[in-house]
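Lettering of chains follows the sequences in order, A, B, ..., and the numbering in each one begins at 1.
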Amino acid sequence: MRLNGKVAIVTGASQGIGQVIAQVVAREGAVTILAARSGNNLKATSEMIADAGGESHVTPVDITDEVSVKNLMDETVSRFGTLDILINNAGVAGPMKAVEEISAEEWEECFAVNVTGMFLCCKHAIPVMKEKRSGRIVNISSLSGKRPLVHRSPYTASKMAVIGLTRTLAFEVGEFGVTVNTVCPGATEGERIRLVIENESKALGISLEEAERNFTGAAALKTFVTPEDTANMCVFLCSEEGRHMTGQDINVTAGLCWY
Amino acid sequence: MGGGCLVAPTDLTDKTAVEQLVGKTLSEYATIDILINNSGIAGPTKRCEDMSREEWDNCFSVNMTGVFLMTRAVLPIMKKNRSGRIINVSSVTGKRPLPGRTPHAASKMALIGFTRTLAFEVGEFGITANTICPGSTEGPRIKRVCEEMALAENISYEDAAATFTAPAALKRFVRPEDHAAACIFLASEDGANITGQDINVSGGLTWY
């Protein structure tokens, strides 16, 4: 187990990639604090982890609320003694509209979760990590933004903002032995991509297979990635093996993106 | 350590020698799953205008042509297996300028271009191709460089070492084991869906 005895927070752990990251981090031996807005779905994640013999703790949090974030960090430290790993996975898709049709509120709502929420989690985790002179932060971005994604400007802009935050933060905390990296997942297998493919198949009058190829055809490996692929990279970066990688944005995209 | 290995002295710039290496490996182990192209030379330390054509060619023949020949020789096996992992060891040099080392910098960036295109040529056969870019790495080589620098510039060894570590986010050298760990990750099942990438293992010296 590569994260044995570590204390890890995973935000957005109630569904999708975050749920799998939490499971894999717990499987590798970390006490995993499951953070998300919805407490009910977190319980499901927690049960999956317990069934696999792992240890987790559910903490509902609104990452856009600084008081709530500070409580998450304080509760983690007072209950488990420390914080070794922060995986900032929580994010929202944001509106699907042309730029000129997006309201300022819609724009800000997307940034509030994807960027400000991440900033707040980093801000309140760093003092603990600096004091112990070690820590790992992994921020989940996306290949969107690196590649254009029409009608998703707030999402793509916010996901590129994550990379800028990561690079600068890596240099602020490096001398304290804290690493900060971004993981950029590509088109990921799961319910969400199935819906998108079905919608695209209907909208364009093409078969499901053709719609699927629109996503996989551009990748070198001609395949979707799995949530496990992203989780495995998070574990590597948080393990002893990844100790000398920092400030990076790592694409887990089956080769869809190489920059 | 209990591992198996085969010792095979090879000149990577020699097509016949490369084919013999692959043949020998196949007769011993029946297949090739992983190719780690780590061989490389520093090349001359001179200004561009002082570099001879031969010096330039020599650096590229090992750092780039050798990788091409090795890759070409193993691809038929990996394609037949419909799986394989190729890892090319590049450098942060080229991503960052290194005055006096144009052939090294250019050959190491050439590897990245090679890897990106290769990834798309072999992806449909389940083969991944990635580059890792080591930063300043602990060991006798960097020690010698720092000693020479300290002497030449009349500064302490620590000050000389700091010129390499200070620009890195983690303020230290990386270890050879860090590169090995990244290679293992990419070659393992955990890295199955990562291809065409150049991964910096540099303590944060480069981020692009």
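Side-chain atoms of B/Thr117 do not come within 3.5 Å of backbone N or O of B/Phe114 as any donor-acceptor pair. Remark: the backbone N or O of A/Leu165 is not paired with any side-chain donor or acceptor of A/Thr168 at under 3.5 angstrom. No side-chain donor-acceptor contact under 3.5 Å links A/Asn181 to the backbone of A/Thr166.
Looking at B/Phe173, the atoms closer than 4.5 Å to chain A (heavy atoms on both sides) all sit in the backbone: N, CA, C or O. With a 4.5 Å cut-off on non-hydrogen atoms, B/Pro167 touches chain A through its backbone but not through its side chain. When heavy atoms are compared at a cutoff of 4.5 Å, B/Ile127 approaches chain A solely by way of its backbone atoms N, CA, C and O. For A/Val178, the part lying under 4.5 angstrom from a heavy atom of chain B is the backbone only. Only the backbone of B/Ala168 has a heavy atom closer than 4.5 Å to any heavy atom of chain A.
Per-residue heavy-atom pair counts under 4.5 Å with chain A were compared for B/Val201, B/Thr128, B/Thr115, B/Ile112, and the maximum is reached by B/Val201. Ranking B/Gly123, B/Ser202, B/Ser188 against chain A, the residue ahead of the rest is B/Gly123, based on heavy-atom pairs under 4.5 Å. Interface check for chain A: of the options B/Lys171, B/Arg172, B/Glu189, the most heavy-atom pairs under 4.5 Å are formed by B/Arg172. With respect to chain B, the highest number of heavy-atom pairs below 4.5 Å among A/Ile163, A/Asn251, A/Val252 belongs to A/Asn251. The candidate from B/Ile199, B/Thr195, B/Leu205 with the greatest count of non-hydrogen atom pairs under 4.5 Å with chain A is B/Thr195. Ranking B/Val122, B/Asp190, B/Thr206 against chain A, the residue ahead of the rest is B/Asp190, based on heavy-atom pairs under 4.5 Å. Note: B/Ala181 leads B/Ala180, B/Ala181, B/Gly126, B/Ala119 in heavy-atom pairs under 4.5 Å with chain A.
Heavy-atom proximity under 4.5 angstrom to chain B picks out A/Ala218, A/Ala219, A/Ala220, A/Leu221, A/Lys222, A/Thr223, A/Phe224, A/Val225, A/Thr226, A/Asp229 from residues 214-229 of chain A.
Using modelled atom types, one finds no donor on one side chain facing an acceptor on the other under 3.5 Å when comparing B/Thr13 with B/Ser61.
Residues A/Cys121 and A/Asn88 approach most closely at CB-OD1, 3.2 Å, considering heavy atoms. For A/Met48 against A/Gln19, the heavy-atom pair with the smallest separation is CE-NE2, 3.6 Å. Considering every non-hydrogen atom in both A/Ile49 and A/Ser56, the closest pair reads CD1-CB, 3.9 Å. The two residues A/Ala125 and A/Leu86 make their nearest non-hydrogen contact at CB-CD2, 3.8 Å. Closest approach of B/Ser107 to B/Cys59, counting heavy atoms only: OG-SG, 4.0 Å.
For the ring pair (Phe, Tyr, Trp, His ring centres under 6.0 Å) condition, the pairs that include at least one residue of residues 58-102 of chain B, sequence neighbours left out, are B/Trp56-B/Phe60. The salt bridge (charged side-chain N to carboxylate O under 4.0 Å, His left out) analysis of residues 112-141 of chain B, with sequence neighbours excluded, yields the pairs B/Arg116-B/Asp198.
Scanning for salt bridge (Lys or Arg N to Asp or Glu O under 4.0 Å) contacts around A/Arg194 gives A/Glu212, with sequence neighbours left out.
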